[in-house]
*Asks:* 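Got a structure for you, questions after.
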Protein chains: 2
Amino acid sequence: MRPKLTLKQIARELDVSISTVSKALRDSSEIGEETRKKIKAFAKLYNYRPNNIALSLKNRKTKTIGIIIPEIVHYFFTTVISGVEQVANEKGYNVIVCLSNNSFDKEVLNLELLANGSTDGFILSLAKETMQKEDYHHLIEVINQGMPVVLFDRVVDEIHCDKVIIDDVIGAKKAVQHLIDKGARKIGLVSTVDYVSVGKLRTRGYLNILRDNNFEVDQDLILKIEDMDNSEAKIKEFINNNELDAVFAVNEHFAIHAIKAIQEKGLKVPEDVSVIGFTDGELSKRFIPSLTTVSQHGERMGAEAARLLIDKLERKPEDEDSYKTVIVETSLVERNSTKS
Amino acid sequence: MRPKLTLKQIARELDVSISTVSKALRDSSEIGEETRKKIKAFAKLYNYRPNNIALSLKNRKTKTIGIIIPEIVHYFFTTVISGVEQVANEKGYNVIVCLSNNSFDKEVLNLELLANGSTDGFILSLAKETMQKEDYHHLIEVINQGMPVVLFDRVVDEIHCDKVIIDDVIGAKKAVQHLIDKGARKIGLVSTVDYVSVGKLRTRGYLNILRDNNFEVDQDLILKIEDMDNSEAKIKEFINNNELDAVFAVNEHFAIHAIKAIQEKGLKVPEDVSVIGFTDGELSKRFIPSLTTVSQHGERMGAEAARLLIDKLERKPEDEDSYKTVIVETSLVERNSTKS
DNA sequence: TTTCAACACTCAAACGTTTGCGCAAAATAC
DNA sequence: GTATTTTGCGCAAACGTTTGAGTGTTGAAA
């Protein structure tokens, strides 16, 4: 077990100075042909690699970007990570992933950790708890210190920075319009409570498109789920108490629970009731019937976020610094839970 | 936008030396009461946080562990990350996640990156391509340089280090025995090609338990899938060409394709044919019928791996260094794809 | 009055790099 | 043979931190 080689060791071994070694390895013309060759040969033989930490300290940048997500066991977020990773690697950046587990405290902790030199900037989706508390000072503090931040998916207006979001309203409209086009008249909505911004926006899309089509809005056809744990029961009750011919659910899980409930009620999907979900995951593809969904293209979102961040990192200090908001378009993926 | 505060700046501002500031903040008794208070107050006011990079360089450790996984859009791996993260955070470690995307070259790249000072050690599951090539010199090199490594799930004997695996053979036996107990006689196996170690081991479990029960092994009842892309078609063909009363699949996807094929053939699950999968994910829980599976407890594996790694990191140099292999037990989760 | 310890603080080295500058010797010019 | 340039290399500072050793002042014991 030989320990890691440093410039100092090479210098001692070859009886030259540290700077000579450094310069030789970087092909400086200051160093003579012969010495240079000798040093490079030695370095290659013993597989010298510069120490990243020392480089980071010297250069005052780490070539690392952080990403903090609310939960990793979640298809959408993994696709985002995947997108971030691809772009980052392409541009020579490293990715460090942290999980907030939807906890405010853990988000703060992670932020502190990443902000104290470990990363050059980061990409973040807010924890649920943070959005409830509406306490963003930790993020604002970090941004004020000059650390570039890109928010994605779960964003708020109070934080000024680059953002990547989807057109939740438009996505929802597309979905509901599709249901209407296929003949649906009584369309149920299964959403989340309003402090989850995506729930609010998708609900707005639903309402808007109903109005656009001169449909009446019936509040009884709208279910807002507070607690994920009893969502299954709530949805079942909702389905049983209403005569619907279509359901728009703001995520995969709700959609699947709806389908289950519909089938248990003795009705058929999509013959009797059509169902559309939001977020395109494994589940949507593999479920029987496979789910028609609004795909949010997580990978593209991650890629956009990474591009925004790296652009900011590599721009000259204050070259121009307005904050951009990139909207990644959703698309309707038609499968078997809606009439074709 | 005020930039990050350093010891030097505090020192200049308060007209003391850098070391005084450092010592005051660390409550050294060398520093007088009054000065100490003044410095701490100032640091608190301006929210001073020591620079991680500088600390890493000084201490020669980063308090960061790396984890390299073949693909992140995969439920099992995300649960492993989740487990690693929990234990790491508990012990004050940071986690940096890299993806090899099952590519040998990217695995090597990631390894180099993480090994050059960015992390104190890492946790890795081998890329498929690496296992095909059977080329492990990059890992062996890193281990020889004294970097602690823990391998999980996809491991090989050629690499000497700590390992966390599941009892694939036993898990498969449990599954097949369960099928036999429920009366199955013609049990099909849907597995992967043998260079994927888990495929090989689960196949072995299947074969062993058939022998233990004095069943004949019929090679026609064994399907080995090479290419994920055409797995659906292959499985359909397999199901159609054989009269089975049960199927054991080595992962969720294969299991679901099997169920689809069975249903399309006009048979019912579990009444006519029982199906058991391996790996317990979202899909298994939510599919209709929900899947009976062998759960591999990814979270527990991640936690174990992190514990092994951190133990090694915090042990005195060469306190004792044998390599351990931890086996995380699988358990059979009975749901609705098998007879009860 | 001298001696010495205690106190409160500063210096400087170290972690592993990079890089502008300086300096000697060799090579060229006059 | 002297003056100047070129060549080849080393010194030292810097990034931000920690820490043992050193220093100067004070106060008390001898």
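Protein chains get the first letters and strands the later ones, always in sequence-line order, with residue 1 at the start of each. Quick caveat: nothing in here was measured; it's all calculated off a predicted structure.
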*Asks:* Return the value, rounded to whole Å, for the distance between atom CG of Asn52(A) and atom P of dT18(C).
*Replies:*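 It is 11 Å, rounded to the nearest whole Å.
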*Asks:* Do Ile81(B) and Ile72(B) come within less than 4.5 Å of each other through their side chains, counting heavy atoms only?
*Replies:*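 Result yes, sub-4.5 Å side-chain heavy-atom pair found.
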*Asks:* Does any part of the side chain of Gln9(B), heavy atoms only, come nearer than 4.5 Å to the side chain of Tyr48(B), both counted from C-beta?
*Replies:*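 A side-chain contact under 4.5 Å is absent here.
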*Asks:* If only side-chain N and O atoms of Tyr48(B) are considered, is one of them under 4.0 Å from the OP1 or OP2 phosphate oxygen of dG16(D)?
*Replies:*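 No, no such contact exists.
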*Asks:* The side chain of Thr6(A) is closest to which nucleotide in this list: dG16(D), dA12(C), dG16(C)?
*Replies:*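 Per side-chain heavy atoms of Thr6(A), the pick is dG16(C).
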*Asks:* Atom CD1 of Ile53(B) and atom P of dT18(D): how far apart are they, to the nearest Å?
*Replies:*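 Rounded to the whole Å, the gap is 14 Å.
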*Asks:* Take the protein atom CZ of Arg36(A) and the nucleotide atom C1' of dG8(D), then report the distance between them rounded to whole Å.
*Replies:*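 Rounding to the nearest Å, CZ of Arg36(A) and C1' of dG8(D) are 11 Å apart.
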*Asks:* Indicate, with a heavy-atom threshold strictly under 4.0 Å, whether Lys23(B) touches base, sugar-phosphate, or nothing.
*Replies:*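 It contacts base atoms.
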*Asks:* Please determine, for the side chain of Lys8(B), which listed nucleotide (dT18(C), dC15(D), dA14(C)) has the closest atom?
*Replies:*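 The answer is dC15(D).
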*Asks:* To the nearest Å, how far apart are Arg12(A) CZ and dG16(C) P?
*Replies:*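 Result: 10 Å.
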*Asks:* Salt bridge between Arg307(A) and Glu314(A), side-chain N to carboxylate O under 4.0 Å?
*Replies:*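 No, no charged N to carboxylate O under 4.0 Å.
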*Asks:* Check this for me, if you would: do Lys133(B) and Glu107(B) make a salt bridge, where the nitrogen-to-carboxylate-oxygen distance has to be below 4.0 angstrom?
*Replies:*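 The answer is no: the pair does not qualify as a salt bridge.
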*Asks:* Could you tell me if the side chain of Lys40(A) sits less than 4.5 Å from the side chain of Asp27(A), heavy atoms only?
*Replies:*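 Asp27(A) vs Lys40(A): side chains touch.
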*Asks:* If you assign each of Asp15(B) and Asn51(A) to its closest nucleotide in DNA chain C, which residue comes earlier from the 5' end?
*Replies:*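 Of the two residues, Asp15(B) wins.
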*Asks:* Take the protein atom CG of Leu7(B) and the nucleotide atom P of dT19(D), then report the distance between them rounded to whole Å.
*Replies:*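 Whole-Å distance recorded here is 12 Å.
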*Asks:* Rounding to an integer number of Å, can you tell me how far Leu55(B) CG sits from dT18(D) C1'?
*Replies:*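 My rounded result for the distance is 9 Å.
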*Asks:* Can you tell me how far P of dT17(D) sits from NZ of Lys58(A), to the nearest Å?
*Replies:*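 Roughly 16 Å, once rounded to whole Å.
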*Asks:* Start at the 5' end of DNA chain D and walk down; is the nucleotide closest to Val16(A) or to Gln9(B) reached first?
*Replies:*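 The residue closer to the strand's 5' end, by nearest nucleotide, is Val16(A).
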*Asks:* Ile31(B) has a side chain; which of dC9(C), dC15(C), dT17(C) sits nearest to it?
*Replies:*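 Given the options dC9(C), dC15(C), dT17(C), the side chain of Ile31(B) is closest to dC9(C).
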*Asks:* Of all residues at least two apart in sequence or in a different chain, which pass the side chain to side chain donor-acceptor pair (under 3.5 Å) check with Glu304(A)?
*Replies:*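 Side chain to side chain donor-acceptor pair (under 3.5 Å) list for Glu304(A), sorted by chain: empty.
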*Asks:* Which comes earlier along DNA chain C counting from the 5' end, the contact point of Leu57(B) or that of Ser19(A), where each point is its nearest nucleotide?
*Replies:*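 Closer to the 5' end of DNA chain C: Leu57(B).
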*Asks:* Determine the contact category for Thr35(B): base if any of its heavy atoms lies under 4.0 Å from a base atom, sugar-phosphate if only primed atoms, P, OP1 or OP2 are that close, otherwise nothing.
*Replies:*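 Thr35(B): backbone/sugar contact only, no base atoms under 4.0 Å.
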*Asks:* Does a nitrogen or oxygen in the side chain of Arg26(B) sit under 4.0 Å from OP1 or OP2 of dT19(D)?
*Replies:*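 Arg26(B) to dT19(D) OP1/OP2: side-chain N or O found under 4.0 Å.
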*Asks:* Looking at Glu30(A) and dC21(C), is any side-chain donor or acceptor paired with a base atom of the opposite kind under 3.5 Å?
*Replies:*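 Donor-acceptor pair under 3.5 Å: yes.
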*Asks:* Look at all strands and tell whether Ser22(A) reaches a base, only sugar-phosphate, or nothing, counting heavy atoms closer than 4.0 Å.
*Replies:*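 Base contact.
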*Asks:* Would you say Lys4(B) places a side-chain N or O within less than 4.0 Å of OP1 or OP2 belonging to dG16(D)?
*Replies:*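 Checking dG16(D) against Lys4(B), no side-chain N or O comes under 4.0 Å of OP1 or OP2.
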*Asks:* Please state how far atom CD in Glu33(B) lies from atom P in dA8(C), giving the value in whole angstrom units.
*Replies:*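 The answer, rounded to whole Å, is 9 Å.
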*Asks:* Is Arg60(B) near enough to dG16(C) that one of its side-chain N or O atoms lies under 4.0 angstrom from OP1 or OP2?
*Replies:*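 Answer is yes, contact under 4.0 Å.
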